[in-house]
Amino acid sequence: MAEAASGVKKKADALYSVAVIGLGPIGSAACLHLSAHYSVTPRGEGQSSSVVAIGAPEPADLTTHLGVFGSHYDEGRLTRIVDKNPVWSKLAARSIASYGESEQESGIQFHSSVGSLRVTPFYKQPTDSLLEAFAVGKENGAAVELLEDGDALMKRFPYLHFQEKDAGIMEHGGAGYVNPRAMIRAQLAVAAKHGACIVPESVVAIDMTADGVNITTDAGKVLSASKVLICADAYTNLLLPGQDLVLHTYLVSVLLAEIGDEEGMTLQGMPSIIWRLESHPYLHSVYLCPPIRYPDGKLYIKIGGTEWEPVLASSTKEITDWFHDENGRQVETDALHDTLQTLLPQISFKSFHRKPCMVTYTSHNYPYIQAVDMKPHWEDSQLYVATGGCGAAAKSAYEIGHIGALLVSNGQWNYDLDEHLFKAVYVQQDSGQGTSSSQRYNV
């Protein structure tokens with residue numbers, strides 16, 4: 001819930017047509033699209049600019065930071081079209097097709113087309129989705145080939161140790177990974193070129209008025225906008241003036257495994273990987289990014305996983321405590337470490353570093369994109385959300401932000417996917433079942 005305004009209200013420091021709250025992948029993409037739309041729209045009287053984007057920068061030290069956290073503090077996120085879910089596949093295909101334009105206009109490179117490999121030990125079994133994902137990906141333009149057994153995988157990737165009965169899909173084209181930090185910088189740079197104002201501060205309160213929405217930041221600024229789009233993921237409910245949305249935030253870890261330059265040459269051409277595991281007691285599946293040069297100058301392979309029984313955050317304090325915790329859950333770290341060693345048995349790792357992360361799911365496994373101020377007429381709406389990445393949004397953020405921007409700028413749904421897919425679900429509307437395992441295990 002948003003903090004209630006008290007005492008004498010401060011006059012707004014600046015006026016805008018639209019404010020975007022949250023500068024992660026989705027928020028920065030929405031800002032890019034909104035700034036392009038409003039750059040050709042005349043400003044209202046007294047407006048400083050048409051679009052403002054407000055969001056906290058990445059903390060210098062996670063272990064002491066007391067504000068909000070994000071899940072994009074990294075150099076690698078998988079990107080692919082192959083997916084058993086046709087909606088996520090389509091969102092990814094449209095986003096990947098737009099990466100180059102954002103890179104060119106911003107001058108910031110964030111996309112690496114190294115390919116994507118999806119592997120399962122349950123090929124052709126009724127419970128497996130490999131062939132379904134192959135068909136859906138191909139339908140949405142993915143350049144794919146089927147590797148039907150462990151021998152085929154071994155011949156293609158001799159440094160990867162899969163099981164004999166494993167089978168996989170190799171996706172070429174734009175599949176690979178994106179650098180989320182660089183992607184956000186690129187999207188905000190393009191938005192700024194279109195006239196958007198970027199405010200690197202946290203929002204602590206919003207105040208709905210008849211004339212617009214007043215937004216107060218942690219630095220004491222008060223900004224006013226005719227419309228507001230909230231892209232705050234795990235922190236969304238803190239800003240809503242009414243009912244809470246159903247959002248489930250899971251506390252997860254990733255492991256960065258350092259390798260030397262010689263090992264990096266051995267793994268040259270390694271794709272990003274999703275690997276469904278057989279009979280693992282702790283992990284359903286894992287994902288890997290190939291060796292990436294991090295800001296410290298070192299090469300790291302990143303591995304993360306989907307747990308059978310993930311840990312749910314019940315408060316923002318638990319999120320803060322998680323990001324302050326330098327150790328995490330040892331069973332999770334050990335599982336990631338051992339799985340990586342199994343997959344790359346010939347690689348010598350120099351060090352391992354566990355990092356905290358979080359993943360926020362909605363009730364139906366798609367982002368909520370909707371007006372949320374309960375106005376009886378859509379043309380009167382002031383407050384919107386595009387939130388809940390569901391563990392799949394980084395690669396598709398460009399298109400998710402586009403949908404949110406279209407909704408805000410038009411005041412009504414104007415997209416070729418059914419709006420009910422992205423319908424906001426409120427706490428009292430939820431069945432209480434949360435996000436099912438079949439939704440989270442999208443591999």
Side-chain angles (χ1 to χ4, degrees), residues 74-83 92-93 96-97 99-100 103 109-121 123 130 133-134 137-138 141-164 166-180 182-183 254-277 285-305 336 339-352 394-395 443:
D74 198 9
E75 302 293 305
R77 286 287 188 277
L78 275 61
T79 189
R80 58 188 166 82
I81 299 173
V82 167
D83 197 303
I96 291 170
Y99 291 164
E103 289 180 322
Q109 192 269 332
F110 60 82
H111 177 215
S112 296
S113 302
V114 298
S116 175
L117 179 65
R118 180 189 184 104
V119 176
T120 177
Y123 179 49
L130 191 77
F134 182 90
K138 193 170 183 179
V144 290
E145 62 176 311
L146 194 59
L147 303 172
E148 297 198 65
D149 55 38
D151 286 342
L153 288 166
M154 179 70 75
K155 289 176 182 177
R156 180 66 62 85
F157 307 105
Y159 46 81
L160 297 175
H161 184 71
F162 291 112
Q163 301 176 76
E164 184 177 342
D166 279 338
I169 300 170
M170 182 62 199
E171 180 180 351
H172 304 281
Y177 66 89
V178 293
N179 179 330
M183 182 170 68
V254 300
L255 192 66
L256 298 182
E258 181 191 357
I259 61 172
D261 288 343
E262 185 174 337
E263 302 284 26
M265 291 298 296
T266 299
L267 298 177
Q268 192 170 17
M270 176 179 168
S272 63
I273 298 171
I274 296 175
W275 185 21
R276 184 173 176 183
L277 305 178
S285 56
V286 294
Y287 65 89
L288 293 89
C289 284
I292 298 173
R293 187 80 60 182
Y294 273 66
D296 63 3
K298 298 177 181 178
L299 277 177
Y300 294 98
I301 296 171
K302 188 186 81 170
I303 182 171
L336 294 173
T339 302
L340 182 62
Q341 295 274 26
T342 298
L343 184 61
L344 293 166
Q346 300 174 2
I347 299 300
S348 297
F349 297 100
K350 301 176 72 173
S351 65
F352 296 90
K395 68 181 183 299
V443 297

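Counting begins at 1 with the first residue of the sequence.
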**Message:** Going by the rule ring pair (Phe, Tyr, Trp, His ring centres under 6.0 Å), which residues pair with Y99 if we only count those two or more places apart in sequence or in a different chain?
**Reply:** F110, H111

**Item:** Candidates L160, V286, I303 - the one meeting side-chain contact (heavy atoms from CB on, under 4.5 Å) with W275
**Value:** V286

**Prompt:** How long is the gap from CD1 on I292 to CG on D74, to the nearest 0.5 Å?
**Reply:** 7.0 Å

**Residue among T342, L147, L117 satisfying side-chain contact (heavy atoms from CB on, under 4.5 Å) with F162** = L117

**Request:** Mind listing the closest non-hydrogen atom pair of R80 and V82 along with its distance?
**Result:** NH1-O, 2.7 Å

**Non-neighbouring partners of E263 that pass salt bridge (Lys or Arg N to Asp or Glu O under 4.0 Å), sequence neighbours left out** = none

**Complete:** Output for pair (N179 CG, T79 OG1), nearest 0.5 Å, gives 12.5 Å

**Prompt:** Does L288 offer a backbone N or O that forms a donor-acceptor pair with the side chain of S272 under 3.5 Å?
**Reply:** no

**Message:** Could you report the tightest heavy-atom contact between Y177 and C289, atom names first, then the distance?
**Reply:** CB-SG, 4.4 Å

**Request:** Measure the CZ-CG distance between R276 and L130 for me, rounded to the nearest 0.5 Å.
**Result:** 10.0 Å

**Fill in**
Heavy-atom closest pair (R77 atom, P180 atom, distance to 0.1 Å) is CG-CG, 3.8 Å

**Asked** How many angstroms lie between atom CG of L340 and atom CZ of F349, to the nearest 0.5 angstrom?
**Response** 4.0 Å

**Atom pair NE2/CG of H161 and L153 - distance to nearest 0.5 Å** = 12.0 Å

**Request:** Return the orientation label for the F157 and Y159 ring planes: parallel under 30°, perpendicular over 60°, tilted otherwise.
**Result:** perpendicular

**Item:** Side chain proximity check, Y294 to L299, heavy atoms < 4.5 angstrom
**Value:** no

**Request:** For H172, look at atom NE2 and say whether over 12 heavy atoms of other residues, nucleotides or ligands are found less than 6.0 Å away.
**Result:** yes

**Message:** Please determine whether side-chain contact (heavy atoms from CB on, under 4.5 Å) holds for the pair Q163 and L277, giving the CA-CA distance in whole Å, both sets of side-chain angles, and the decisive distance to 0.1 Å.
**Reply:** CA-CA 10 Å; Q163 301 176 76; L277 305 178; over 6 Å; no

**Complete:** So CG of L267 and CD1 of I347: to nearest 0.5 Å the spacing works out to 4.0 Å

**Asked** Between R118 and D83, is the closest basic N to carboxylate O distance under 4.0 Å?
**Response** no

**Minimum heavy-atom distance A92-K395, with the two atoms named** = CB-CE, 3.9 Å

**Message:** Restricting to non-hydrogen atoms, name the atom on V114 and the atom on M170 that form the minimum distance, rounded to 0.1 Å.
**Reply:** O-CE, 4.2 Å

**Asked** Any chance the side chains of E258 and S351 put a donor and an acceptor closer than 3.5 Å?
**Response** yes

**Prompt:** Is there a donor-acceptor pair under 3.5 Å between the side chain of E75 and the backbone N or O of P295?
**Reply:** no

**Asked** What's the shortest heavy-atom distance between L336 and G305, and which atoms?
**Response** CD2-N, 3.7 Å

